[in-house]
Amino acid sequence: MKTIYVNSISFNRSLVDGPGVRTVIFLQGCDLHCKGCQNPSTWDIAAGEALTTAELANLLKTNVANRKITISGGEPLMQTDAVIELLDQLQGFDVALYTGHECADVPQAILDRVRYIKTGNFQLDKKTTTTPYVGSTNQEFRRIK
């Protein structure tokens, strides 16, 4: 089992991180450091809680009754192998993944395992509070499957 670094988990509380009421897993570690980032506490990967992917999967299976989650950050692609391993353990979950990278940078193995993806780095000068599921208008939220 791989180690995955987690900043925090917001259980069954979000209406703005993908369709429906979602649990949001904020992964630790970010290499983008967008100006105006809402989660700068996630930047240093060493500051996160280290769990095995099995521990995190079991926590989610036990506490997410509706099986809707969003994996955010930080930057999930900093932990690509652990994210893929986690997703393999969450069969039947409706998963959205938020990345600051472009879709072309997301490994196919992740795209094959998620339902939705938000791509694009946050740009403070393009901040929006009216476009669903994104923080700035340059970002794109789309259904994968």
Participant: Donor-acceptor pair, Glu140 side chain versus Ile117 backbone, under 3.5 Å?
Facilitator: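 Answer holds: no.
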Participant: Applying the 4.5 Å side-chain criterion to the ILVMFWY set and letting contacts propagate, would Tyr133 and Val106 be lumped into a single cluster?
Facilitator: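 No; Val106 is not reachable from Tyr133 via cluster members.
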Participant: Hey, could you give me the CD/CZ distance between Gln108 and Arg113, rounded to the nearest 0.5 Å?
Facilitator: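 The distance works out to 9.5 Å.
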Participant: What heavy-atom pair brings Ala109 and Ile84 nearest, and what distance separates the two atoms?
Facilitator: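 For Ala109 versus Ile84, the nearest heavy atoms are CB-CD1, 3.6 Å.
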Participant: Specify the closest pair of heavy atoms between Asp31 and Met78, including all atoms of both residues, with the distance to one decimal.
Facilitator: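 Residues Asp31 and Met78, closest heavy atoms: N-SD, 3.3 Å.
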Participant: Distance from Leu56 atom CG to Ile9 atom CD1, nearest 0.5 Å?
Facilitator: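 The distance works out to 5.0 Å.
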Participant: To the nearest 0.5 Å, how far apart are CD1 in Ile25 and OG in Ser10?
Facilitator: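 The distance works out to 9.5 Å.
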Participant: Same hydrophobic cluster for Val64 and Leu51, using side-chain heavy-atom links shorter than 4.5 Å among ILVMFWY?
Facilitator: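 Linked, Val64 and Leu51 end up in one cluster.
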Participant: Say whether, by atom type as modelled, one donor and one acceptor occur between the side chain of Thr70 and the main chain of Asp17 under 3.5 angstrom.
Facilitator: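 Checked: pair present.
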Participant: Counting N and O atoms only, with roles assigned by atom type, does the side chain of Glu85 sit under 3.5 Å from a partner on the main chain of Lys2, one being a donor and the other an acceptor?
Facilitator: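 Yes, Glu85 side chain to Lys2 backbone: donor-acceptor pair under 3.5 Å.
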Participant: Output the distance between atom CG (Leu97) and atom CG (Leu87), rounded to the nearest 0.5 Å.
Facilitator: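 Reported to 0.5 Å precision, the distance equals 7.5 Å.
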Participant: Find the distance between CD1 (Ile4) and CG (Leu86) and round it off to the nearest 0.5 Å.
Facilitator: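 Ile4 CD1 to Leu86 CG: 5.0 Å, rounded to 0.5 Å.
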Participant: Can you see which heavy atom on Val24 is nearest to which on Ser72, and at what distance?
Facilitator: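 So the two residues come closest at CG1-CB, 4.0 Å.
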Participant: Could you state whether Leu111 and Ile71 fall into the same hydrophobic cluster, counting links through intermediate Ile, Leu, Val, Met, Phe, Trp or Tyr residues with side-chain heavy atoms under 4.5 angstrom apart?
Facilitator: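 As far as the 4.5 Å side-chain criterion goes, Ile71 and Leu111 are connected within one cluster.
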Participant: Find out whether Thr119 and Asp105 are in side-chain contact, i.e. whether some heavy atom of one side chain is under 4.5 Å from a heavy atom of the other.
Facilitator: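 Answer no - side chains too far apart.
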Participant: Could you tell me whether Lys61 atom NZ has more than 12 heavy atoms of other residues or ligands within 6.0 Å of it?
Facilitator: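 Above 12, so yes.
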Participant: Counting only N and O atoms by type, is there a donor-acceptor contact under 3.5 Å from the side chain of Tyr98 to the main-chain atoms of Pro76?
Facilitator: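 Such a contact is absent between Tyr98 side chain and Pro76 backbone.
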Participant: Give the cluster check for Val6 versus Val114: same hydrophobic cluster or not, with ILVMFWY residues linked at side-chain heavy-atom distances below 4.5 Å.
Facilitator: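 Yes, Val6 connects to Val114 through the hydrophobic network.
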Participant: Which heavy atom of Cys103 sits nearest a heavy atom of Arg142, and at what distance?
Facilitator: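 Reported closest heavy-atom pair: CB-NH2, 2.7 Å.
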Participant: Does Asn39 reach the main-chain N or O of Gly74 with its side chain, forming a donor-acceptor pair under 3.5 Å?
Facilitator: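 Not at all, since once roles are kept as given, no pair shorter than 3.5 Å links the two residues.
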Participant: Under the side chain to side chain contact (heavy atoms under 4.5 Å, CB included) test, which residues partner Asp125, sequence neighbours left out?
Facilitator: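 Asp125 satisfies side chain to side chain contact (heavy atoms under 4.5 Å, CB included) with Gln123 only.
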Participant: So does Gly120 get a backbone contact from the side chain of Lys118, meaning a donor-acceptor N/O pair under 3.5 Å?
Facilitator: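 Looks like yes, one N/O pair under 3.5 Å.
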Participant: Gln79 and Thr3: which non-hydrogen atoms are nearest, and at how many Å?
Facilitator: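 Between these two residues, the closest heavy atoms are OE1-O, 4.2 Å.
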Participant: Can you check whether Val83 reaches Leu27 side chain to side chain, under 4.5 Å on heavy atoms?
Facilitator: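 Heavy-atom side-chain distance check passes, below 4.5 Å.
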Participant: Okay, side chain of Asn138, backbone of Asn121: is any donor-acceptor separation there less than 3.5 Å?
Facilitator: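 Checked: pair present.
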Participant: Decide whether Leu59 and Phe26 are clustered together by the hydrophobic rule: side chain heavy atoms of Ile, Leu, Val, Met, Phe, Trp, Tyr closer than 4.5 Å, transitively.
Facilitator: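 No, it is not one cluster - the side chains of Leu59 and Phe26 are not joined through contacts under 4.5 Å.
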Participant: Okay, side chain of Glu75, backbone of Thr99: is any donor-acceptor separation there less than 3.5 Å?
Facilitator: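 The answer is no, because no donor-acceptor pair under 3.5 Å joins these two groups.
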Participant: Check ring-ring contact (aromatic ring centres under 6.0 Å, His included) between Tyr116 and all other residues, then give those that pass, not counting sequence neighbours.
Facilitator: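 For Tyr116, the residues satisfying ring-ring contact (aromatic ring centres under 6.0 Å, His included) (neighbours in sequence not counted) are Phe141.
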Participant: Can any side-chain N or O of Asn66 pair as donor or acceptor with the backbone N or O of Val21 at less than 3.5 Å?
Facilitator: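 Side chain of Asn66 to backbone of Val21: a pair is present.
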Participant: For the residue pair Ile69 and Asp94, establish whether any side-chain heavy-atom pair is separated by less than 4.5 Å.
Facilitator: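 No, every pair of side-chain atoms sits at 4.5 Å or beyond.
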Participant: Taking C-beta and beyond as the side chain, do Glu49 and Glu55 meet within less than 4.5 Å on heavy atoms?
Facilitator: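 No, too far: nothing below the 4.5 Å cut-off.
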Participant: Connecting only ILVMFWY residues whose side-chain heavy atoms lie within less than 4.5 Å of each other, what is the rest of Tyr5's hydrophobic cluster?
Facilitator: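 So far as hydrophobic clustering goes, Tyr5 is joined with Ile45.
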Participant: Looking at Ser136 and Phe122, what are the two nearest heavy atoms and their distance?
Facilitator: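 What the structure gives for the nearest pair is OG-CA, 3.6 Å.
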Participant: Any side-chain to backbone donor/acceptor pair from Arg115 onto Val95? Under 3.5 Å, distance only.
Facilitator: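 No: the side chain of Arg115 does not pair with the backbone of Val95.
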